[in-house]
Amino acid sequence: METKFIDLRSDTVTKPTKRMREAMMSADVGDDVYGEDPTVNKLEKVSANLLGKESAIFVCSGTMGNQIAVKCHTDIGDEVILEASSHIYNFEMGMMSAFSGTLPRVIEGKNGFFDEEQLVKAIRPDIYYLSKTKLLCLENSHNSAGGRVLSVEKSASLCKVAKDNGLKCHLDGARIFNSAIAQKTTAKEIAKPYDSVMFCISKGLSAPIGSLLVGSKEFIAKARRVRKMLGGGMRQAGVIAICGLIAFEEILPTLEDDHKKAKLLALRASKNKNFKLNLESVETNIFMIKVRNGNSANYYVNRLKEIGILVSLNSSDTMRVVTHKDISFEDAEKACKIFETIN
Ligand SMILES: Cc1ncc(COP(=O)(O)O)c(C=O)c1O
């Protein structure tokens, strides 16, 4: 018999809902490269409105959305400022250099974020024999930092420093709605100071495929050309875009439950003498568990797997736990008991 795991590795494991699957059958479609897919057009319009921007483009993945943004905002030889553990720098296959010819300038942040002083220091003076610092990329919520949230105020302040120095600002908002919920604000408010924002419908929102890149009309027109260069021009993509539209109605209003499950799990894990957690750091649907007593995190990842729970290995002494809609409160309670007692 197949083992049913409680899968806490990532919110990307979420499956499309019954409503999504049914809607895929009857989605109104056309050739999106010709701009003729009504469902894609609708998703792009709704997404731009949700984020308070003029325009949007549907792309295959978060990586594609981020990399199109880097390409559109920069020229070969330019520098891009990023946090050292950001997704764009660490997990997008060096594409900012391979495709856009840009140089990453990374800043070591605290909990995923650096401050204005660090940012100012990283911006190169405008001298002809130096690379131009062109772009600031931030990530909110911050995945590798354990789903940490950058406040609207801090975000605006960092973008102001960047803009005052002639930089463009891009947000990797793969989980922007999680950040908005945690701060009791809107994604639109978070997106305000950025020239472009990427968000994913394929993570906690549970659609099977896709991300949106939003920005000005001019920026998105350029992005459309770059998407095509990457082979990302899709045809009857309405069959997948429909899932994003449903996700906004069906999943978004319940996303806060994922944060509640993460808090429950973290609290119970914190009672285990083998683990170390900072409960205040649990802000969204992702958190980290550090292991104590010289044991390796890999040991616990494997032990948990034997008992039917999947978590990710983050580093030699840290595991990452991610909650999502396919983990019920009942599943969370089962996992809580194990997190509390496992040794
Ligand atoms: C913060 C962040 N940005 C971007 C991405 C890339 O998304 P995708 O896997 O759809 O390329 C991810 C994926 O996990 C992510 O966590």
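One-based numbering, in listed order, for ligands and for the atoms of each. No experiment lies behind these values; they were computed from the predicted model shown.
Taking distance alone, with nitrogen or oxygen atoms compared against 3.5 Å, Ala174 stays at or beyond that limit from ligand 1. Residue Lys203 has at least one nitrogen or oxygen atom sitting less than 3.5 Å from a nitrogen or oxygen atom of ligand 1, judged on distance alone. Backbone and side-chain nitrogen or oxygen atoms of Glu92 are examined, and none is located within less than 3.5 angstrom of a nitrogen or oxygen of ligand 1. Backbone and side-chain nitrogen or oxygen atoms of Ser202 are examined, and none is located within less than 3.5 angstrom of a nitrogen or oxygen of ligand 1.
Remark: minimum distance from atom 6 (C) of ligand 1 to any protein heavy atom is reached at His87 CE1, 3.3 Å. Atom 8 (P) of ligand 1 has as its closest protein heavy atom Gly62 N, 3.5 Å.
With salt bridges taken as basic N to acidic carboxylate O contacts below 4.0 Å, one links Lys160 and Asp164. A salt bridge links Glu44 and Arg224; the closest N-O separation between the charged side-chain nitrogens and carboxylate oxygens is under 4.0 Å. Look at Lys134 and Asp75 and you find a salt bridge, because one of the NZ, NE, NH1 or NH2 atoms lies within 4.0 Å of a carboxylate O, short of that distance. Glu249 has a carboxylate O that lies under 4.0 Å from a charged side-chain N of Arg19, or vice versa, which qualifies the two as a salt bridge.
Using a 4.0 Å heavy-atom cutoff, Thr12 is absent from the residues neighbouring ligand 1. Not a single heavy atom of Met64 sits less than 4.0 Å from an atom of ligand 1.
Heavy-atom contacts of Asn66 reach the following atoms of ligand 1: 4 (C) (cutoff under 4.0 Å). Every atom of ligand 1 is numbered from 1 in the order shown, and the set under 4.0 Å from a heavy atom of Thr63 is 6 (C), 7 (O), 8 (P), 11 (O). For ligand 1, the atoms lying closer than 4.0 Å to a non-hydrogen atom of Glu139 are 1 (C). Each of the atoms 10 (O), 11 (O) of ligand 1 lies under 4.0 Å from some heavy atom of Ser61.
When heavy-atom distances to ligand 1 are checked against a 4.0 Å cut-off, Asp172 comes that close only through its side chain, counted from C-beta outward. Neither the backbone nor the side chain of His142 has a heavy atom within less than 4.0 Å of ligand 1.
Not one N or O on the side chain of Thr318 forms a donor-acceptor pair closer than 3.5 Å with the backbone of Lys290.
For the atom pair CG of Asp172 and CZ of Phe91, the computed distance is 11.5 Å after rounding to the nearest 0.5 Å. Taking CZ of Phe339 as the start and CG of Leu277 as the end, the distance is 9.5 Å to the nearest 0.5 Å.
A cation-pi arrangement is absent between Lys154 and Phe113, since the terminal nitrogen or guanidinium carbon is not both under 6.0 Å from the aromatic centre and inside a 45° cone about the axis.
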(request) Would you please test Lys132 and Asp78 for salt bridge (Lys or Arg N to Asp or Glu O under 4.0 Å) and show each step? (result) CA-CA 5 Å; Lys132 248 191 188 319; Asp78 288 340; over 6 Å; no

